[in-house]
Amino acid sequence: MQRSDDALDRALSTPERLPSHSTRLGGEEVGPQVQSWKVERAYATDLPEAMRAFSGSSSAQLELLLGGKDGIPAPRLYSAWADRLTGDLVRPGQSVVHTAGAGGRTVPAFRGTVRSRTAASGSDTVTVQALDGAERLRGPAYLPRPYHGYLRKQPVATATWCVDELLRQGGIHSCPPPRAPAVDPADTKPFTALYASLHGGFNATYGQPEDMPDPSTFDWIREGAPFEMALMPKAAGLEASWMPRSRFTLPGKVFQVECWVNTAFARGNIIEMTAVFDQVGTRTGYLKATFDIAISKVFITSGTNGVGEPQVISWPIETLASLRGVWHLGFTVDTSSTGTVVAPTVQPRLTQPDGTTRVGEKATFSKEDSWQPVSELQQVNLKTDMAVECIQVTDRLWTDTASYPAQEWEQRGQWTKGAVLDTPELPLFDIPKVSGSQWDAITEIARVSMSTAEFDEQGVFRWRGPSRFTSVPAVPDLTVTTRRDISSLTVTEEIDACRNHCEQPYQDWKGIGGVIGEPIQDTVVREIKPNSAIVVQYAMAEDDVEVGPPVVLDDSVVGQGHQVRFGTAKTGGTSVKGDVTVSCWRDGPTYSVRFANNSAATLWTVTKDGKPSVRLQPIKRSADPKLRSYAWSNSTSQKYYGKQQYTAPSADWVQTVETASDLAKAMLTAGRYPVPLLGDVEVLHDPRIQLGDVVRVVDTAGAELDTLAWVVGIRTTHAADGAPQQTLTLRGTAFNGVPADAGLAPDAPVDPAYGQQRKYQRLTAQYATLDALTRQAISYRTLLDTPGGTA
């Protein structure tokens, strides 16, 4: 139910309602011009209608009949050929907000955009059709597909993570979005090197997971998450790492590492974020920020692994221990330098639960062991004792750390939360390929996972998993009765709503790992001019999964992996580190690599002996998963209704036997007995009703019905000077008990007399002599078989 107020509640309870509505097109109120309106919402699925509450997507539609104003007919104002000054009010893509209620008070009824307008010449009517937020998800669907799930033999994501990612592509966010997703050709604006939401998976929007903890060591939680969902360790010291999509270079950059945590949900007191850099040879440098909520201090360390004693700089943040709750934690690093080594300047940045931003004083590492030589970003590490969400790394963050504004740190005014997710379901070792639009992909995931996807009346997307309808609610959101609210009601019970043997196919990934695929070797030595960039496209097989940007090698390391070498001459020259930022992205079969030369000298992609040095190394699964199936049955139901089978569509989204069992059991719970469908329930218009609400239906005029039911469809229409008409489609929350057939003796499906033989006494009674029998000239089978009695 939507929230209302006392005034609206009173208006809806009065015997005579005075309907109210408001309609805005392009932000302009046009309510007085609306001749009629209609809003429809329902779950769409391929299941029988009586079971559709458990699966499918819902896309609300609004239809308006709009009249003219000031004596000018609507077609002249709003047709496709109308003057833009007035016609843009109802152009396709224009915003639409509609509210409805009574007594001058309204609640949201629809929020979306115009899909079409139709002007009837010679009339005063323009028909406007609009679609809700699903219209924002018409872009091509794409999901990152890393190899790390089957390589590590651990789930890399869940179906919920995939839905969240598809929403993000359409500009619908459930937590702070990537700061700078777009590539800047001039290499001056910020650029997101890594973004991982941690919304039910370690897979990243930008970048790839590298090392993932065992699933038994953590949970995905919603209660207590900073925004929507968080990674929650079961013990202190949980670790994970990611590969960035851009191997930006040091020195010369200002970058930032950040995340959101809830310090009230903690197994310990520490959270660490580390940026690891690939130096010459096999050495790696690092910049690490440690937040200790027990002693209210932040520590930042810079050094090279295995070399000397790194310097540690600390800052007291006295509220870290006292203010438990949601914190925004991060640190900025300024490595501006033109030399081959830099003393990093660092600053911690924090935002408290009360919204106060805390910025530590700038500090520069003075100890040489903490200086950073030429290198490229290799990986990002996270170590946490507490609930954490939305980790990201931003390159070229700002010109310097001192002038970095607080509103940029907080991303104020840059996003609005527009999605609510449910508990993660369907763990995935491999991300299935998707096609069509983002909405198409979300609809497919909802269908397969027995989930529901919808935009509510306020334009907020809501994803609910298969557990939503498995328990019978204790109290209804609303009660409707034939005495006051219901004008008509049809109750249907059908055998198609009964499913007492439910099978769920699944892909069995047990024992499948990763193997080295066929490498892609460049055939051309590429020239990269000073302070410029080139983009090279390579063809990859459709089945090949993602690979990150190639690692930059130097002459002290020889390898045959995913790599590139930059030389000072086309014939080979001297190898170069820390001068070229390598980044990558995938678009179907095309894998693009961008080489940005940050130096004042021309460089080439060349091996030491003058050959092309770009080598791409795909990783493939060692075998294809086996298709298996898991089933649940109910023998009691089969006794009364016969065996009613439902086999779910085979899909790549179900990858464990546990998931298959859960889905099959949920379907059996929903359909082991045919739950009644209450269709065409015409009620007094109540704008507070939403899909998924629980309504108590009391029928004292016809069926003597008193039951709870879920709202699975709503259609509301209203014409000017009339009363709104609302029709609900309801699905009972429970069946009417197990059949008893009291006093009944149901007939068998086959006539019991069929196939029974005449006994000798019956035969002699009918045929007294052999002559009497032979005169009939009947066959032997006819002689034995007979309908009727056999005495």
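Position 1 is the first residue of the sequence, and the numbers go up from there.
A pairwise comparison of heavy atoms in Cys259 and Ile271 identifies SG-CD1, 3.9 Å as the closest pair. Considering every non-hydrogen atom in both Ala596 and Ala533, the closest pair reads CA-CB, 3.8 Å. Of all heavy-atom pairs spanning Ser592 and Gln537, the tightest one is OG-CG, 3.5 Å. Residues Pro144 and Glu165 approach most closely at CD-CG, 4.2 Å, considering heavy atoms. Closest approach of His199 to Thr158, counting heavy atoms only: O-OG1, 4.5 Å. Between Leu421 and Ser174, the closest heavy-atom pair is CD1-OG, 4.3 Å.
The local environment of CD in Gln407 is crowded, with over 12 non-hydrogen atoms from other residues, nucleotides or ligands closer than 6.0 Å. More than 12 non-hydrogen atoms from other residues, nucleotides or ligands lie less than 6.0 angstrom from NZ of Lys367. Within 6.0 Å of CZ on Arg412 lie more than 12 heavy atoms contributed by other residues, nucleotides or ligands. Within 6.0 Å of the NZ atom in Lys417, the count of heavy atoms belonging to other residues, nucleotides or ligands exceeds 12. For Lys529, the NZ atom counts as loosely surrounded, since its 6.0 Å shell holds 12 or fewer non-hydrogen atoms of other residues, nucleotides or ligands. Within 6.0 Å of CG on Asp587 lie no more than 12 heavy atoms contributed by other residues, nucleotides or ligands.
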Notebook entry, point to check: Going through the distances and angles, do Phe595 and Val614 end up as a side-chain contact (heavy atoms from CB on, under 4.5 Å)?
Noted result: CA-CA 11 Å; Phe595 303 108; Val614 178; 3.9 Å; yes

Given Gln378 and Phe277, is the side-chain contact (heavy atoms from CB on, under 4.5 Å) satisfied, shown in steps?
CA-CA 5 Å; Gln378 182 183 69; Phe277 292 87; 5.9 Å; no

Start with the C-alpha gap between Val254 and Thr399, add the side-chain angles, then the distance that decides, and say whether side-chain contact (heavy atoms from CB on, under 4.5 Å) holds.
-> CA-CA 7 Å; Val254 178; Thr399 53; over 6 Å; no

Apply the test side-chain contact (heavy atoms from CB on, under 4.5 Å) to residues Asp422 and Thr160: give CA-CA distance (whole Å), side-chain angles for both, the deciding distance (0.1 Å), then the verdict. CA-CA 7 Å; Asp422 209 341; Thr160 304; 5.9 Å; no

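None of Asp555, Thr249, Asp554, Asp278 except one satisfies the side-chain hydrogen bond (donor to acceptor under 3.5 Å, both in side chains) rule with Lys577; the exception is Asp278.
Taking OG1 of Thr274 as the reference point, atom CD of Glu239 lies at 9.0 Å (rounded to 0.5 Å). A distance of 10.5 Å separates CG of Asp164 from CD1 of Ile172, quoted to the nearest 0.5 Å. Separation of atoms CD (Gln169) and CG (Leu143) is listed at 6.5 Å; rounding is to 0.5 Å. Remark: Thr384 OG1 to Met232 CE distance equals 8.0 Å, nearest 0.5 Å. In this structure, the separation between CG on Leu137 and CG on Leu166 is 8.0 Å, given to the nearest 0.5 Å. Atom CZ of Phe331 and atom CG of Leu287 lie 6.0 Å apart (nearest 0.5 Å).
For the 3.5 Å distance criterion, the side chains of Gln458 and Asp456 fail to qualify, holding no donor opposite an acceptor. Judged purely by distance below 3.5 Å, without hydrogens or angles, the side chains of Asp400 and Ser403 pair a donor atom with an acceptor atom. At a cut-off of 3.5 Å, with distance as the only test, no side-chain donor of Glu135 or Thr113 sits close to an acceptor on the other residue. There is a side-chain donor-acceptor pair under 3.5 Å between Thr284 and Asn305. Side-chain polar atoms of Gln563 and Arg565 form no donor-acceptor pair below 3.5 angstrom. Inspection of the Thr290 and Glu272 side chains reveals an N or O donor paired with an N or O acceptor under 3.5 Å. For the residue pair Thr581/Asn598, the side-chain donor-acceptor check at 3.5 Å is satisfied. Defined by atom type and a distance below 3.5 Å, a donor-acceptor pair is present between the side-chain atoms of Tyr538 and Asp522. In this model, a donor atom of one side chain and an acceptor atom of the other lie less than 3.5 Å apart for Thr345 and Thr364.
Within the 3.5 Å criterion, the main-chain N or O of Gly578 finds a donor-acceptor partner in the side chain of Glu376. Remark: side-chain polar atoms of Arg179 are not paired, donor with acceptor, to backbone N or O of Leu397 under 3.5 angstrom. Side-chain atoms of Ser575 do not come within 3.5 Å of backbone N or O of Gly567 as any donor-acceptor pair. In this structure a side-chain-to-backbone donor-acceptor pair under 3.5 Å is missing from Asp219 to Ile221. Judged by distance alone, the side chain of Asn262 and the main-chain N or O of Gly224 form a donor-acceptor pair under 3.5 Å. When atom types are taken as modelled, the side chain of Arg145 and the backbone of Glu546 share no donor-acceptor pair closer than 3.5 angstrom. Side-chain atoms of Arg136 do not come within 3.5 Å of backbone N or O of Leu167 as any donor-acceptor pair. Remark: side-chain polar atoms of Ser370 are not paired, donor with acceptor, to backbone N or O of Pro310 under 3.5 angstrom. Judged by distance alone, the side chain of Trp315 and the main-chain N or O of Glu361 form a donor-acceptor pair under 3.5 Å. Side chain of Asp369 to backbone of Gly308: no donor-acceptor contact under 3.5 angstrom is found.
Between His173 and Trp415, the angle of the ring planes goes over 60°, which puts this pair in the perpendicular group of the 30/60° scheme. In this structure, Tyr404 and Trp398 have tilted ring planes: the angle between them lies in the 30° to 60° band. Aromatic ring orientation, Trp220 versus Phe218: perpendicular (interplanar angle above 60°, classes split at 30° and 60°). The aromatic rings of Trp242 and Phe202 are tilted relative to each other, their planes meeting at an angle between 30° and 60°.
Salt-bridge formation is detected for the pair Arg358/Glu318: a Lys NZ or Arg NE/NH1/NH2 atom is positioned less than 4.0 Å from an Asp or Glu carboxylate oxygen.
Contact of the Arg152 side chain with the Asp211 side chain is registered, since non-hydrogen atoms from C-beta on lie closer than 4.5 Å. Under the 4.5 Å side-chain criterion, counting only non-hydrogen atoms from C-beta, Thr301 is not in contact with Gln311. Using a 4.5 Å heavy-atom cutoff, the side chains of Tyr147 and Gln208 are in contact. Side-chain atoms of Val298 and Leu329, non-hydrogen and from C-beta on, never get closer than 4.5 Å to each other. In this structure, Met243 and Gln379 have side chains that are not in contact, with every pair of non-hydrogen atoms separated by 4.5 Å or more. Looking at Phe255 and Val257, their side chains come closer than 4.5 Å, going by heavy atoms from C-beta outward. Two residues are said to be in side-chain contact when any heavy atoms from C-beta on lie closer than 4.5 Å; Ile431 and Pro146 meet this criterion. At least one side-chain heavy atom of Tyr591 sits less than 4.5 Å from a side-chain heavy atom of Cys584.
Annotation: salt bridge (charged side-chain N to carboxylate O under 4.0 Å, His left out) contacts of Asp395 (sequence neighbours excluded): Lys253.
Note: Phe191 and Phe248 fail the aromatic proximity criterion, with ring centroids not under 6.0 Å apart.
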